[in-house]
Each structure stands twice: as structure tokens, then as C-alpha cells.
Amino acid sequence: MDVQFSLPFTYDFDRALDRLSGDPVIAVNRESRSVRIPMKEGNVVTLLGKGTTCSPSFIVENAVDERQQEEIKSTFHFDRPLDGISAHFKGTDLEQLFREHEGTPLIKSFSLYGELMKSIIHQQLNLSFANTLLMRFVESYGDKIDGVWRYPSPERIASLDVTELRDKQFSTRKAEYVIGVSQAISEGRLDLEKFSGMEDAEVTAELITYRGVGPWTAQGFLMFGLGRPNLFPLADIGLQNALKRIWGLDRKPTKDEILAHFPDWSPYLSYAALYLWRSIE
DNA sequence: TGCCAGGAATTGC
DNA sequence: GCAATTCATGGC
């Protein structure tokens with residue numbers, strides 16, 4: 001079933017696609033302004049952008065039911081306006097940043113497990129190499145259905161030996177992290193789905209008990225996996241560099257210098273982080 | 001070539 | 001408890 005709808009607020013779909021294009025796993029087509037989304041139920045939904053930033057409209061193709069359509073709307077931030085968030089930053093030091101990236105949504109990843117694996121794989125690696133490793137991970141153990149890659153099952157990764165991932169240029173530690181977390185999920189000790197009903201702090205507290213998952217990874221999971229609006233990974237080198245540039249410093253800002261701005265930016269820290277990342281990409 | 005990268009675990013005091 | 005160190009590998 002296909003459905004067409006429009007949004008009553010500013011939404012820049014081209015910028016959304018821009019960011020999605022940075023993820024090698026996601027099937028973005030810039031020419032047709034579309035993205036193909038592998039759904040948990042096995043089908044692939046196509047989302048097409050039709051309108052303009054000021055008058056955005058979309059077509060959702062091939063959703064199996066209304067619930068899937070609603071999930072797409074939630075995933076792509078169609079269910080809540082961006083204007084109020086942008087307005088919140090008027091008068092702050094990030095006002096100009098929010099003007100430059102007006103209408104850029106915080107899009108949730110299509111798979112909670114995939115987001116966690118991606119986050120671990122990206123730890124402490126330059127984006128270029130991290131994306132190479134990520135794509136190698138997906139192409140080796142995931143499935144390509146209707147031309148769209150989907151992340152492997154936790155069970156598949158849980159069964160791997162460290163040496164297999166080492167052969168694909170994972171470090172020993174990174175291989176241990178990825179396999180260990182996958183084992184926890186496949187054995188039922190770790191349930192990612194239940195986190196959607198929990199507070200940020202509770203989710204973080206539980207996630208960081210797993211080896212290889214620290215604060216940065218937990219915060220990324222909350223932000224991009226669950227779409228939570230108020231996280232800012234202090235440990236992130238990219239954010240530190242972005243703030244260094246915006247604030248005109250000759251060094252990276254300290255943790256306390258960043259923390260001092262949290263009262264101004266809350267409760268939308270995630271959007272500040274997202275736009276700061278965009279500013280250096 | 002050496003430092004760095006959208007960190008985390010481990011060690012040392 | 002907190003900081004310094006180690007881990008690993010490609011990118012630039």
C-alpha cells in the first residue's frame with residue numbers, strides 16, 4: 001500500500017538524505033530523492049521526497065500496514081516539528097549554526113542492533129576506515145534483499161570467532177566487543193527493544209555494563225537508535241573540533257567549557273550535536 | 001612519517 | 001577514585 005502526505009512544518013529532506021548518504025549501509029538515491037528501508041517484517045519500504053523544504057511532502061511505498069507507515073514517520077522525524085527546536089537556540093551561541101542547518105531532522109537508524117554494532121565499530125577510528133569496516137561487516141554476515149543491505153542477526157555474529165573479524169581488519173578488541181555484545185543479545189541477557197520504555201540514564205547505566213560499550217556508544221545509541229532529543233557525547237572528538245572552530249579556540253574545549261552551555265541547549269542537546277557534526281562534514 | 005581518529009579497558013598511584 | 005597508558009589500524 002502506498003500513501004502520500006505533507007508536513008505542516010519546515011523539513012529539509014535533501015539534507016536528511018545528505019546525512020544518510022554518509023552511511024554506506026543505507027540505500028539512498030539522490031536523483032530520485034528516495035531511500036529504501038529494510039523493515040523488520042522483511043519487506044523494503046521506499047520513501048520518496050516530493051515537496052520543498054517549506055512545503056514538504058512524501059510518498060511511502062510498499063508498507064505492509066498502517067503501523068509500518070507510522071514507524072517510518074517516527075523514524076524520519078515527521079511526527080514532530082523542527083521549528084520549535086530551532087527557535088529554542090535563538091539568542092544562544094549556536095543560533096547561526098541552527099540557521100545554517102534549518103530543517104535538518106534527527107533520523108533514527110533502521111535497526112537498534114545495527115546502530116549498536118555501528119557505534120562500536122566506529123569507536124576511535126577515522127570515518128573513512130570505520131565505514132570500510134562497517135560495510136565489510138554487513139556484506140560478510142548480513143543479507144542483501146531486494147537490493148538493500150540489512151544488518152546480520154545477533155546470532156550470526158555471536159557464533160563468530162575473533163579471528164574471522166581480525167581477518168577483516170578488526171582489531172582484536174573490537175572483534176571481542178562486537179561478538180560479546182551480540183552474544184548477550186542472542187542469549188537474551190540484553191534486550192534492546194525494552195530500552196524504548198526507559199529513561200536515558202537507565203539505558204546508559206545498563207548498556208555500559210557490557211564490555212566495549214562506554215558512555216559515547218550508549219549516548220549514540222540513545223540519540224540515533226531511539227531518537228532521544230537531549231544527549232551530547234562529551235568524549236566525541238568531532239564535536240570537540242566543531243566547537244573549537246565555532247568558538248574560535250586554538251585548542252579543543254574542555255569538558256567543563258562544554259558543560260557550561262548545557263543549560264542553554266537543553267532539552268535539545270542531540271540537535272546541537274547533530275548540527276555540530278554537520279558543520280565539520 | 002608521525003600524529004590522529006565521531007573510545008574503552010586496563011593499569012598505576 | 002581519578003589520570004595516564006595501552007590497544008590497534010588505516011587515513012592524511
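Naming: A, B, ... by sequence-line order, numbering from 1 per chain. All values below come from the heavy atoms of this structure, side chains included, with hydrogens, waters and symmetry mates left out.
Using a 30° and 60° split on the angle between ring planes, Phe78(A) and Phe5(A) fall in the perpendicular class, above 60°. A perpendicular orientation is assigned to the rings of Tyr268(A) and His88(A), their planes being inclined by more than 60° (bins at 30° and 60°). Using the six-membered ring where Trp is involved, His77(A) and Tyr271(A) have ring planes that are perpendicular, over 60° apart on the 30 and 60° scheme.
Spacing between atom CH2 of Trp216(A) and atom P of dA9(B) amounts to 13 Å, rounded to whole angstrom units. Put simply, CD on Gln240(A) is 12 Å from C1' on dA5(B), counting in whole angstrom units. The nearest whole Å value for the distance from the CD1 atom in Ile237(A) to the C1' atom in dA8(B) is 13 Å. Computed from coordinates, the Leu127(A) CG to dA5(B) P distance equals 11 Å when rounded to whole Å. Distance, Gln219(A) CD to dA8(B) C1': 13 Å, rounded to whole Å. The interatomic distance linking Leu133(A) (CG) with dG6(B) (P) rounds to 13 Å, in whole Å. The CD1 atom of Ile120(A) sits 18 Å away from the P atom of dT9(C) (whole-angstrom rounding). Taking atom CG on Leu106(A) and atom P on dG6(B), their separation rounds to 19 Å, with Å as the unit.
Geometric assessment of Lys118(A) against the ring of Phe224(A) yields a negative cation-pi assignment under the 6.0 Å and 45° thresholds.
Here the nucleotide nearest the side chain of Tyr177(A), chosen from dA8(C), dA9(B), dG10(C), is dA9(B). Nearest to the side-chain atoms of Pro215(A) among the listed nucleotides dA8(C), dA8(B), dG10(C) stands dA8(B). Here the nucleotide nearest the side chain of Gln169(A), chosen from dA8(B), dA8(C), dG10(C), is dG10(C). Side-chain proximity of Arg211(A) to the nucleotides dG10(C), dG6(B), dT10(B) is greatest for dT10(B). Checking dT10(B), dG6(B), dA5(B) against every side-chain atom of Asn241(A), the shortest atom distance belongs to dA5(B).
The same atom, C1', is picked in dC12(C) and in dT1(B); the two are 11 Å apart, to the nearest Å. When the P atom is compared between dT6(C) and dC3(B), the two are found 15 Å apart, to the nearest whole Å. Taking the P atom of each, dA8(C) and dT11(B) are spaced 13 Å apart, rounded to whole Å.
Contact annotation for Trp277(A): base contact, defined as any heavy-atom pair under 4.0 Å involving a base atom. Gln124(A) comes within contact range of at least one nucleobase, with a heavy-atom separation under 4.0 Å. At a threshold of 4.0 angstrom between heavy atoms, the contacts of Thr172(A) are confined to the sugar-phosphate backbone, with no base atom among them. Residue Glu176(A) is out of contact with every strand shown, counting any heavy-atom pair closer than 4.0 Å. Nucleic acid contact class of Lys255(A) (heavy atoms, under 4.0 Å, all strands): none. Arg19(A) comes within 4.0 angstrom of a base, heavy atoms only. The residue Phe224(A) sits close to a base: some heavy atom pair falls under 4.0 Å. Residue contacts shown for Arg166(A) are limited to sugar-phosphate atoms, with no base heavy atom under 4.0 Å away.
Salt bridge Glu193(A)/Lys40(A): absent, no basic N to carboxylate O contact under 4.0 Å.
Contact check, Lys174(A) against dA5(B): no side-chain N or O comes under 4.0 Å of OP1 or OP2. For Arg173(A), no side-chain nitrogen or oxygen approaches OP1 or OP2 of dT6(C) to under 4.0 Å. In this structure, Thr217(A) reaches the dA8(B) phosphate: one of its side-chain N or O atoms is under 4.0 Å from OP1 or OP2.
Distance check, rounded to the nearest 0.5 Å: CG of Leu97(A) to CZ of Arg278(A) gives 11.0 Å.
Checking Val213(A) against Glu281(A), the closest nucleotide of DNA chain B that is more toward the 5' end is the one next to Glu281(A). Between Leu125(A) and Tyr210(A), the one whose closest nucleotide on DNA chain B sits nearer the 5' end is Leu125(A).
Across all non-hydrogen atoms, the minimal contact from Asp12(A) to Glu102(A) is CB-O, 4.0 Å.
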